There are 2 protein chains.
Amino acid sequence: MKSEKYNYKYPRPALTADCIIFGFDGLDINILLIQRGIEPFKGKWAFPGGFVRMEESTEECAIRELHEETGIKNVFIEQLYTFSDIHRDPRERVVTVAYFALVKTSDYKLIAGDDAKNVKWFKIKDIPSLAFDHDVIFRIAHNRLKGKIRYQPIGFELLDEKFTMPQLQLLYESILEIKFDRRNFNNKLMKTGLLTPLNEKQQNVRHRAPRLLKFNKKKYSELLNSGFNFEI
Amino acid sequence: MKSEKYNYKYPRPALTADCIIFGFDGLDINILLIQRGIEPFKGKWAFPGGFVRMEESTEECAIRELHEETGIKNVFIEQLYTFSDIHRDPRERVVTVAYFALVKTSDYKLIAGDDAKNVKWFKIKDIPSLAFDHDVIFRIAHNRLKGKIRYQPIGFELLDEKFTMPQLQLLYESILEIKFDRRNFNNKLMKTGLLTPLNEKQQNVRHRAPRLLKFNKKKYSELLNSGFNFEI
DNA sequence: ACAAAAGTGTTTGGAATACACCCATGC
DNA sequence: GCATGGGTGTATTCCAAACACTTTTGT
C-alpha cells in the first residue's frame, strides 16, 4: 500500500499555522523561537508552527503546535496574516496562517518538543536570521503589535497583578520603542480610571519605592460596553 | 485511471480565496455578490471566489476569480482575514482567505462568469442572506472598511477625478454611517492640503453649484514620506 | 549627605466641536 | 421670490505636550 493515501482531483497547497509569541520579561520584549531539528533549515531558528489537521481550525492548530513545540498553553492568540508566496517553503507549496500573542515570559516554562532542538526567548535586538520567510513575518507581527497596544489595554496582562507606574511605562516604551514623559504618561493613564492605586509600595527596591497599582477590570468592562475609546 | 490523481500522505483542507468588493455609486456603498449557479447553495448569493491554484498566491487567486466571475479587473485588494471553521463548507473542509477592496461601481461593467448565474451590486441595507459563512465575513469586512477609511485617504479613489466637497462628505457618511457637520468637515479636509480647488463648478445641479476639487497626489506622497498622519 | 528614582501640577498650543448667516441657482 | 443647498469664520472646549522641583529611601 502506498503511503500517500489521500487523493484529490486537483493539487492542494499544504496548510500550516505559525505562532509569533511576544513575551515581556519586565524589562524587554522578547520573541519566542524554536531551533529546527529537521530539514529544511535544520539548525535555524523559526516560529513554532505546523501542519493543520482536518479536525481543527487554523487557530486551534496554532495553539496545539505552540504547546507541542514549546510547552506553552493557555494563550490568547489573534490572527495576524496569511502568507502564501509560492516559494516561501523550498520543499513544496505551503500556505501559512500566522497568529500572534503577547504574554509574560515568567508565566511559562519552555520545553522543547520533538521537532525542535531548542526553544528560547530572544530579545528583539538579538533575533538571528530566521528560517523560511519568518523574517518578513516577524516585521509584520512587530508592526501589528505596536499598533495594537496603543488602542487596547493589553499591556496590563503582561505585568503582575500588582504593578507600578514605572513598570507600565517601561513596558509601553519597550514595545513602542519610544520614550514617554513620566508626568504625562502618569496623567494620561490615571485619567483613564483603569488603574486603582493600592496602599502598598513595591518592596526591595534600591531607592524610593513606587506605589503599587492594579488594573480595574470592572471599569474596563464598563468602558467596553459604553463604546470604548482607550488610547495611549 | 482514477480522476483523483493528486496524492498526499496526510489529508489537506481545500484552499480558496474570496473577494469582498465594496463599491461606491456616488450615493451609497454597495457590495458585489454573485448568485451561485451550482451546488452547494445553488441560487444563493455569495462573494466571488474560488480554489487556489498551485502556481498562484492566494492574492493572485482572489484577483483571478474576481475577474472570471464578475468581469472586474485592475483592483487593488487587501487581505482581510482567513476563515477556517471546520464546518464552514458543507461539502468538505475548506479554508478561505478573504480579501477586500473599495472601488467605484461606475468603473466596471459586470459580466457573470461560468459558475455564476448572476452578478450584482447590492446596497448594504439590501443584502440577502448569503451562502456559506459569508454573512460573518461581510460583517468583518464592513468593520474593517470603517476602520480603514478614517486613517487612509482611500475615499478619493471612489469619486471622479474632479469632485465636490458635498460628494466627498456623502461618501464618508455613507461608509461610516454617521453625519458630519458640513463646516467642520470642510475645514478639516481642506487643512490636510490634499485637496486642490479648481476654478470650475459642478454642472447640471438643481441649485447653487459647488466648486470642483481634485486630489493632490503629489502632496499625498510627500505626506507619506514624512511620516504621515491622515485622519478624518 | 548623596545618589537614585518617585510623586506631582501648570502652562501653552493645537485640534475638535459647536454654531449662523449670506450667496448662487433653478424653478 | 422662494426653495434648495453651497460657502465660509469664530468662539469654546478639550487634549497633548512641555516642563522642574520636592520627596523618599538605601547606602
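Bear in mind that the values here come from a model prediction, so they are computed numbers and not experimental data. Every chain is numbered from 1 and lettered A, B, ... according to where its sequence line falls, protein lines coming before strand lines.
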[X] has a side chain; which of [options] sits nearest to it?
X	options	answer
R182(B)	dT23(D), dC19(C), dG6(D)	dG6(D)
N187(B)	dG5(D), dT10(D), dA17(D)	dT10(D)
H207(A)	dA4(C), dA20(D), dA17(D)	dA4(C)
P210(A)	dG7(C), dT17(C), dG9(C)	dG7(C)

Using the closest heavy atom to pick a nucleotide of DNA chain D for each, name whichever of K191(A) or T164(B) lands nearer the 5' end.
T164(B)
Does M165(B) or K201(A) map to a spot on DNA chain D nearer the 5' end, using the closest nucleotide for each?
M165(B)
Donor-acceptor pair, distance only, cut-off 3.5 Å: does the side chain of E69(A) make one with the backbone of H67(A)?
no
Rounded distance in Å - [atom1] ([X]) to [atom2] ([N]):
X	N	atom1	atom2	value
R150(B)	dA16(C)	CZ	C1'	12 Å
Q202(A)	dT24(D)	CD	C1'	14 Å
Q169(A)	dA5(C)	CD	C1'	12 Å
K188(B)	dG9(D)	NZ	C1'	17 Å
Q203(B)	dT25(C)	CD	C1'	12 Å
N186(B)	dG5(D)	CG	P	18 Å
N204(B)	dT4(D)	CG	C1'	16 Å
L195(B)	dT8(D)	CG	P	13 Å

Within this structure, what is the OG1-CG distance for the pair T96(A) and L15(A), rounded to the nearest 0.5 Å?
7.0 Å
Just how far is it from atom CZ of F138(B) to atom CG of L80(B), taken to the nearest 0.5 Å?
11.5 Å
Check this one for me: any side-chain N or O of R206(A) less than 4.0 Å away from OP1 or OP2 of dT24(D)?
no
Would S129(A) and K44(A) count as having a side-chain donor-acceptor pair, cut-off 3.5 Å?
yes
Result for 5'-nearest mapping on DNA chain C, choosing between R208(B) and N184(A), is N184(A)
Which of L33(B), D28(B), L110(B) passes side chain to side chain contact (heavy atoms under 4.5 Å, CB included) with W121(B)? Answer is L110(B)
Answer with base, sugar-phosphate or nothing: what part of the nucleic acid does R183(A) contact at a heavy-atom distance below 4.0 Å?
base
